[in-house]
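Shown next, in structure tokens, is the structure this report addresses.
The figures that follow rest on heavy atoms only: side chains count, while hydrogens, waters and symmetry mates do not.
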Amino acid sequence: MGSADVLVMGALGACLGLSSVLLTILLACGLGLAHSCWRHTRRIPFVPALTLAGIVVVTVATLRRYL
């Protein structure tokens, strides 16, 4: 993990809270692994996976609030 990964996780933690950020990190790990397997590469781009997972978690939390 690079320093940008830690910064993005810190920003997500500040915005989402502990329980949501743990779910976000778990989802990001799955997304990064799926991307790595799909592209047949050993590198896992974690910042885009964290960003996408953060968007998914925020969207689902917002939808659960209004439904």
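- Closest of all the heavy-atom pairs between Leu12 and Leu50 is CD1-O, 3.9 Å.
- The side chain to side chain contact (heavy atoms under 4.5 Å, CB included) test applied to Cys15 returns no partner, not counting sequence neighbours.
- Between Leu27 and the options Ile25, Leu31, Thr24, a side chain to side chain contact (heavy atoms under 4.5 Å, CB included) holds for only Leu31.
- Listed here is the closest heavy atom pair of Ala49 and Ala28: CB-O, 3.5 Å.
- Scored by the side chain to side chain contact (heavy atoms under 4.5 Å, CB included) test, Thr41 finds Ser36, Arg39, Arg43 as partners (sequence neighbours excluded).
- When all heavy atoms of Met9 and Val21 are compared, the closest pair comes out as O-CG2, 4.1 Å.
- Listed by chain and residue number, Pro45 satisfy the side chain to side chain contact (heavy atoms under 4.5 Å, CB included) test with Pro48 (two or more places apart in sequence, or in another chain).
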Distance-only criterion, 3.5 Å: show the donor-acceptor pairs between side-chain atoms of residues 58-67 and protein atoms not counting sequence neighbours.
unit_1, atom_1, unit_2, atom_2, d
Thr59, OG1, Ile55, O, 2.7
Thr62, OG1, Val58, O, 2.8

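- With sequence neighbours excluded, the residues that form a side chain to side chain contact (heavy atoms under 4.5 Å, CB included) with Val47 are Ala4, Asp5, Val8, Thr51.
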